[in-house]
Amino acid sequence: MNLEIVVLGMGYTGIPVAAMFASVEGFNVIGVQRRSKRSGWKIDFLNAGRCPIGGEEPGLADLVEKVVRKGSFRATDDISVCKEANVILIDVQTPVDENHVPHYASLRDASQAVGRYMKEGVMVIIESTVAPGTTKYIVKPILEEFSGKKAGKDFNLVYSYERVMVGRLLLNLIHMPRIVGGFTPECTQRGVDFYRNIVKAELFPTDCLTAETSKVTENTYRDVNIAFANEVALICESLGVNVHEVRRFVNSLPNDTSDPARNPYRMMHIPGAGAGGHCLPKDPWLLKYGHDTYGSFEFAPKILIESRKINDFMPQHMKNLVQKALHERGVKLRDARVCILGLAFLADSDDTRNTPALPLYNLLEDTCAEVVVHDPFVKEFEGVVLTNDLEDALRNKDCMVIVTRHEDYTNLRLDRLKSILAKPVIIDGRNVFNPNDCEKAGFTYRGVGIGTQKQARV
Ligand code: SAJ
């Protein structure tokens, strides 16, 4: 079967999905990317067979090179390529603004452009994460207005969300079950048949609204569980116990005693320095927005909002740990020289979207004598003193603060650290070091959720 496919948005979702479909025999894929100051460079980069996504991303760079050389994938900023397309995927950014309201400028622009060029019989698929109700009440009317065509009659409309995760983009795309929500059952079936070309896992057919709601609920579920773990971590610190031991014991309770490892009901998440990324910090607000805007009755969600507050508080808590630890070493925060390890929001990636390292950096930068950030993958970041040279970052600093669990940091040796740092002080936001080893080696150690008897009143 020959198919002309267009993917709008060459980001962490658009690039892997475009490359995967371009690897299917007979499929020809064009990636559309605006020639913006921030992302325009990706077009020529991709057409040179190179993958713009940094960090550890198994298989993606090879696949991009292969499909470009094969001639089944190219990138452009010319949106009019949509006029030849049988299938158009929309993978643009859908952030929320400072009032937690969805900012749909890219989605509206993309929908207008697709509407202007799309042909009869095309299938339009939204993959971006959106508030429940967005496909029906925002995208569909725009597509119909600009094309003069009717959804479900003259073209198919589908909402099918991505489950990608940096560091395993292709793996999740191929092996994660996928939910396919159609505007009509025919739209759903065509969507399912289409994804069957690349997805080896189960495909769940449903409608657009249920699929939209499932996506933001899936991420909100994770955000709420992380918030619970962070709240327990704060309690453990005040009690003087180690949250990671508590978590190990809590997660040891099997549901199925014949197979203890299989424990679907109790899976306490991992507390830490904060929950960043493009998804978790915004999807709870998209869920709330959908309910507030398209819901049929008033109800104020509480858990998802309080959870966001707890997760957003963790950078402040990290700063408090820095202050307490330095105080123990007789260093005032205003005189302190601090090294933050990790700018990316996730281990071994270069993705800095909504990273919890930034609010911590800003909090410390306002008070300390010097703050420098190290990251092995992030090459530049406006407004942050950043280096890729670890020794340089640590030299003569009064403390090091771990925010991202990059592999490189898990191999750091305490004796080496002691010889580089001015003061042996470690603030651990990702449980990288063993507190007892640190204290035995003469360090002042503070970790999220790591309480010591010294601190506890009990
Ligand atoms: N985090 C914790 N504790 C945990 C897990 C994560 O503090 O136990 C932190 C991480 O350090 C990071 C943030 O949360 O700062 C997000 O981490 P993540 O592992 O959720 O990474 P994302 O945001 O790239 O991936 C999530 C995933 N969603 C779910 O697992 C429900 C992924 O499957 C989605 O595809 C992705 O969001 C998305 O694009 O929506």
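Both ligands and their constituent atoms are indexed starting at 1 by order of listing. Values below: every heavy atom of this structure, side chains too, minus hydrogens, waters and symmetry copies.
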At less than 4.0 angstrom from any non-hydrogen atom of R430, what atoms of ligand 1 do you find? 7 (O), 11 (O)
Please report which non-hydrogen protein atom sits nearest to atom 28 (N) of ligand 1, along with the residue it belongs to and the distance in Å to one decimal place. N219 OD1, 2.7 Å
Any idea how W285 and H100 line up, ring-wise: parallel (<30°), tilted (30 to 60°), or perpendicular (>60°)? parallel
Numbered in order shown, the ligand 1 atoms found under 4.0 Å of a heavy atom of G276 are 12 (C), 13 (C), 15 (O), 16 (C)
Quick look: M176 vs ligand 1, heavy-atom contacts under 4.0 Å, and the answer is neither
List every atom of ligand 1 that sits less than 4.0 Å from any heavy atom of E218, numbering the atoms from 1 in the order shown and giving each element. 31 (C)
May I ask you to check whether F345 has an N/O atom sitting below 3.5 Å from an N/O atom of ligand 1? yes
Is there a heavy atom in H278 that sits closer than 4.0 Å to ligand 1? no
Taking a cutoff of less than 4.0 Å between a non-hydrogen atom of the residue and any ligand atom, is G277 in contact with ligand 1? no
Could you check atom 17 (O) of ligand 1 against the protein and tell me its nearest heavy-atom contact, residue, atom and distance included? L346 CD1, 3.6 Å
For ligand 1, which atoms, with element, lie under 4.0 Å from some heavy atom of R163? 33 (O), 35 (O)
Only heavy atoms of V164, strictly under 4.0 Å: list the atoms of ligand 1 that pass. 32 (C), 34 (C), 35 (O), 36 (C), 38 (C), 39 (O)
Among all protein heavy atoms, pick out the one at the shortest distance from atom 2 (C) of ligand 1; state its residue, atom name and that distance to 0.1 Å. I270 O, 3.5 Å
Quick one: does T129 get an N or O within less than 3.5 Å of an N or O on ligand 1? no
Atoms of ligand 1 close to E162 [distance to a heavy atom under 4.0 angstrom, numbered from 1]: 35 (O), 38 (C), 39 (O), 40 (O)
Lys/Arg N to Asp/Glu carboxylate O, R405 vs D348, below 4.0 Å: no
Ring centres under 6.0 Å, that's the criterion: do Y445 and F433 meet it? no
Are any of the N/O atoms on D283, whether in the backbone or the side chain, positioned under 3.5 angstrom from an N/O atom of ligand 1? no
A student checking ligand 1 against G274 at a 4.0 Å heavy-atom cut-off should list atoms 7 (O), 9 (C), 15 (O)
Centroid-centroid under 6.0 Å between H278 and Y12 rings: no
If you count every heavy atom of other residues, nucleotides or ligands that lies below 6.0 Å from K37 atom NZ, does the total exceed 12? no
To which protein heavy atom is atom 1 (N) of ligand 1 closest, and what is the distance rounded to 0.1 Å? I226 CD1, 3.5 Å
Taking 4.0 angstrom as the limit and counting only heavy atoms of C279, give me the atoms of ligand 1 inside it, by number and element. 36 (C), 37 (O), 38 (C), 39 (O), 40 (O)
In terms of side-chain heavy atoms, does N47 have a donor or acceptor partner in R74 at a distance below 3.5 Å? no
for atom 18 (P) of ligand 1, nearest protein heavy atom and its distance come out as R222 NE, 3.6 Å
Taking the six-membered ring for Trp, are Y159 and F183 closer than 6.0 Å centroid to centroid? no
Can you check whether C187's main-chain N or O pairs, donor with acceptor, with T184's side chain at less than 3.5 Å? yes
